[in-house]
Structures are given as structure tokens and as C-alpha cells.
Amino acid sequence: MHDNDNGTEKKNLFHSIYLIEIFKGMMNTLKHFWLVKKFTVQYPEEKLKAAKGYRGEHRLKKDDQGRPKCVACFMCATACPAECIHIKAGEAPWPDRDKYPEEFEIDLLRCIYCGYCELACPCDAIELTETFNIVSTTRGEKLYNKERLLNGK
Amino acid sequence: MQINWQLVIDIAKAVIVFFGILTCIPILVYAERKICAYIQDRRGPNRVGPLGLLQPVADAIKSFFKEDYTPSHVDKVLFTLAPAMAFIAPALVFAVIPFGHLMEIKGYKILPQVFDMNIGILFVLMIASLGGYGLILGGWSSNNKYSLLGGLRASAQMLSYEIAMGLAVISIIMTAGSTRMADIVGVQTQGLWGTCIPAWNIITQPIAFIVFLCTAFAETNRLPFDLAEGDSELIGGYHTEYSSMKFAMFFMGEYLAVLTMSALIVTLFLGGWYFPGITEVGNTSLLNGILSIFVFGTKVGMLVFFFIWTRWTLPRFRYDQLMKLGWKILLPLALFNIILTAILGLR
């Protein structure tokens with residue numbers, strides 16, 4: 001039964017007899033009960049693949065000689081709105097570049113996964129992977145150092 | 001000393017039925033959660049035990065081990081009494097429901113009914129309304145405004161709907177000519193107009209069936225008439241202050257009420273234990289008796305499914321809609337049905 005704003009009742013017999021509308025609703029839920037596919041993903045057993053472009057755990061890339069691509073230009077640390085990237089630059093041991101990161105640390109507890117570091121990087125050295133289940137039992141584990149970022153473990 | 005075996009059978013029956021319906025509660029809880037999940041395109045509990053079957057057990061253990069907290073501002077006696085009343089009343093209703101055909105084993109008569117009372121249906125109405133007291137007292141003794149509002153709503157709802165329920169039952173009594181439950185089932189075992197269609201009251205009394213069904217939902221405090229609980233507006237309604245096993249008693253009482261109401265609807269409208277071709281009237285063999293209990297159980301199961309299905313389909317009625325439906329639609333409809341039954345002399 002629909003009540004209008006002025007308190008008078010709309011006279012619609014079809015709606016006033018609840019039973020027909022109820023029957024329609026019951027058929028709808030029955031359809032869902034029997035026919036509609038279940039949406040639940042049984043998480044630990046089956047995992048959804050993150051969408052392309054998903055911004056998850058960070059990773060530092062290596063070049064074909066296994067050296068980090070990063071040249072410690074501080075572009076990512078500057079672009080970072082959460083100020084979670086801490087780089088300590090050093091003299092590069094290789095002749096093709098001046099600097100390399102002696103230390104490269106990302107504080108995942110501060111990180112907001114905006115992906116600005118990825119966009120800012122001129123050498124395509126940092127990347128946000130599609131790994132979404134980042135779990136740790138201590139705060140310290142969330143501070144990713146260079147080895148963790150380069151090797152993923 | 002001579003043992004009165006008939007008495008032993010009677011006591012055993014009462015014990016078996018009581019524990020039988022207690023066993024049904026976890027099954028109902030599991031069914032509710034599974035059906036609700038499937039209606040909402042989910043999977044429901046499936047981690048505890050195979051297919052999640054041990055989930056109700058886990059729930060029960062949790063309820064037992066939670067702190068049984070009694071707030072300092074409550075009326076202690078009524079606060080403790082209320083959940084018991086909400087639980088016992090629906091359990092008592094089951095005592096007069098005949099759930100099978102009479103069996104005769106070695107001369108001993110076993111009637112699958114705890115107490116064959118000649119005022120059966122009146123007893124049911126009386127005890128069923130007693131269940132409302134559990135809710136009202138629970139709401140009042142909690143000394144909490146949400147609980148009080150819940151209890152208030154429960155009392156208003158009970159009043160409005162029990163009249164329509166009673167009147168719907170009157171037309172059933174008119175067709176059966178008796179208030180004994182066995183007689184009400186008895187008249188439904190005959191063929192309708194000389195055919196093999198059973199004269200179930202759902203066919204001869206469709207209006208009474210609809211009225212009784214609506215009031216049964218109100219009586220069990222289930223959606224669409226769960227205003228006494230009204231989680232979205234009253235937190236938990238009458239059971240806001242309850243925790244641990246006291247809350248579980250209300251919870252179990254609700255499912256017990258669903259079970260007994262389903263059994264009652266089966267007895268009054270769906271021919272009880274009778275199904276043409278499966279159970280025979282007057283056959284007192286063990287097989288016929290077991291088949292009749294099985295038929296009754298299946299019917300009750302289907303109605304329980306209907307109760308759950310409805311709950312996950314319909315939204316809650318607004319309070320004024322509830323009152324309007326009770327007093328302006330169901331009550332006149334039930335009265336009209338009595339007159340109609342009297343004029344047509346159905347049966």
C-alpha cells in the first residue's frame with residue numbers, strides 16, 4: 001500500500017492485495033536459490049587473479065645483467081605523497097651510471113598504493129605488482145629493504 | 001510388581017518427542033543459514049565439518065561458553081524467566097500434534113502423539129499465546145528502552161493477530177465438528193466429492209489457510225512480521241540485553257516456534273500424516289505408522305522451507321501496515337470466512 005505525502009492512500013487494488021506481489025518476489029528468490037551462479041570464491045583454495053593494472057606489493061626491477069635498474073634519482077621518493085620511500089644513494093660500481101641505491105626501503109605501512117612512484121620513475125625500475133595478500137605478523141616485516149624489493153623474498 | 005507398559009510407552013513418547021524437536025533446532029538453524037545464503041547467491045557455512053554441517057554445534061558451544069551477563073538494572077526474576085517461557089511454550093504445543101497414524105505392536109497401542117487431548121486446538125491457541133509473554137516480559141524486565149519498545153510491539157502484534165488466528169481456526173473446527181486434533185486430521189483423510197483428491201482444508205478452506213499462514217508468521221515473530229526484533233531500528237528488540245545461553249533460548253524458541261507452527265499448519269490444513277496412496281487410514285501396521293510419520297515430517301520440512309524462504313524474500317512490515325493488515329484485512333476476512341463456511345456448509 002502506497003501512502004502519498006498528504007496521507008491519502010493510493011487506491012490500487014492490484015498492489016493492495018499483497019499476495020500477487022509477494023508471489024512475484026518469492027519466485028525471484030527461488031530463481032536465485034536454484035539457478036543463479038554463486039558469487040562466493042572459496043578463498044584459500046581458489047584465488048581470483050587481480051585485475052590488470054592492480055596496484056599491489058612493490059618490486060624493484062633488474063636489468064639483463066642482474067643489476068638493479070634504479071639509478072637513485074629520488075624521483076619516486078619526491079613523487080611519493082605518503083613519503084614512504086627512503087633511498088640512500090651511493091657511487092655506482094658500474095661505468096654506465098653515476099649512482100645506484102645503496103639502500104632502498106619502502107615502508108608498506110605508510111604506503112597508500114597510489115602508483116605515483118611507478119609513474120615518476122624515469123628508468124622503469126620500480127613497479128607495483130598484482131600481489132594483494134601482503135601479510136605480516138610484525139611491523140618490522142612491513143619495512144621492505146632493497147633485497148626484499150629486488151628478489152621478492 | 002506389574003509394570004504398566006502403556007504408561008511406560010506414554011512417558012517414552014514424551015521424552016522422544018521432546019528430544020526429537022530439540023534435535024530439529026540445529027537442523028533448522030543450519031537450513032536457515034544455507035537457504036539464506038543460496039537465496040543471496042552465497043554458499044553459506046561450509047568450513048566446520050562436511051558441508052558445514054557442524055556449524056550449529058560450533059554455535060551451540062560458543063553460546064555455552066560465552067559470559068552469561070545479567071545487567072544490574074534488570075528485574076532479575078523475570079529477566080531469567082522470560083527466555084524459558086519463550087522456549088517452553090512452543091515446545092508444549094507439539095504435545096497435542098498427531099504426527100502419525102496409530103500403530104499396534106503386540107497388542108500395545110502406540111499413538112504418535114504425546115497427549116490426545118479432546119480440546120487439542122484450544123490448548124494450542126492457549127499455549128501459543130503464552131509464548132508471547134516470553135517476549136513481552138523479556139522486553140519489560142530488561143529495563144532498556146529498545147527492549148521495552150520491542151516487547152510493546154510484540155504484545156500489540158500478538159493481540160492483533162491472535163484474534164484473526166483464532167477466527168481462522170474456528171472455521172476449521174466448523175468443518176471438522178471437533179476440537180480434537182485427531183478428528184481434524186480425520187476429516188481431511190476422506191476424498192473430496194467422491195474423488196481421490198484428499199479433502200485437505202487448504203482446498204476446502206483457502207481463505208482460512210491464508211489468514212492462518214499470515215498470523216502464523218506474526219505468531220512466530222518471523223519476517224515479514226518481526227517487528228518485536230526489528231534489528232535495524234531496535235538493535236535486537238526484546239533480546240537486546242540478553243547474552244550467552246539466555247539469548248540462545250530466545251533463538252531456539254524462535255526456531256521451535258517455526259517448527260511447531262509448521263506442524264500445526266500441516267495438521268490443520270495439509271492433512272497431517274495423510275497422503276493418498278502412501279498412508280492408509282485404519283491400517284495399524286508398523287510400516288503404515290512409520291510411513292505416516294515420514295509423510296508428516298516431509299510436509300513439515302516443506303513448510304519450514306517456506307517459512308525460511310519467505311523470510312529472505314520479504315522486507316519487514318511497517319508498524320501501521322502491520323496493524324492495518326491485522327485489523328482491517330485479516331480479521332474481516334476471517335469473519336467473512338466463518339459466515340461463508342456456515343452458509344455453504346463445506347463438508
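Every chain is numbered from 1, with letters handed out A, B, ... down the list of sequences. The structure displayed is predicted, hence computed values, not measured ones.
Distance NZ/A/K31 to CD1/B/I39: 13.0 Å, rounded to 0.5 Å. For the atom pair A/H32 NE2 and B/T313 OG1, the distance stands at 10.5 Å (nearest 0.5 Å). Atoms NZ and CZ, from B/K34 and A/F33 in turn, are 10.0 Å apart once rounded to the nearest 0.5 Å. In this structure, CH2 in B/W309 is found 4.5 Å from CE in A/M26, a value given to the nearest 0.5 Å.
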* Asked: How far apart are the C-alpha atoms of A/E45 and B/R43, what are their side-chain angles, what is the distance that settles it, and do they pass the salt bridge (charged side-chain N to carboxylate O under 4.0 Å, His left out) test?
  -> CA-CA 14 Å; A/E45 291 91 27; B/R43 283 174 207 269; over 6 Å; no
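B/F336 CZ: 12 or fewer foreign heavy atoms inside a 6.0 Å radius. Within 6.0 Å of NZ on A/K38 lie more than 12 heavy atoms contributed by other residues, nucleotides or ligands. Summarising the local packing, CZ of B/R47 is surrounded by more than 12 heavy atoms from other residues, nucleotides or ligands at distances under 6.0 Å. The local environment of CZ in B/F294 is sparse, with at most 12 non-hydrogen atoms from other residues, nucleotides or ligands closer than 6.0 Å. Around the CE atom of B/M323, the shell of radius 6.0 Å holds more than 12 heavy atoms that belong to other residues, nucleotides or ligands. The environment of OH in B/Y30 is crowded: more than 12 heavy-atom neighbours from other residues, nucleotides or ligands sit within 6.0 Å. The environment of CD in A/E83 is sparse: at most 12 heavy-atom neighbours from other residues, nucleotides or ligands sit within 6.0 Å.
Only the backbone of A/K37 comes within contact range of chain B, with at least one heavy atom under 4.5 Å from a heavy atom of that chain. If you measure heavy-atom distances from B/I35 to chain A, the contacts under 4.5 Å come from both the backbone and the side chain.
When side chains are defined from C-beta on, A/T29 does not count as touching B/W312, because their heavy atoms never get closer than 4.5 Å. When side chains are defined from C-beta on, B/L314 counts as touching A/I22, because their heavy atoms get closer than 4.5 Å.
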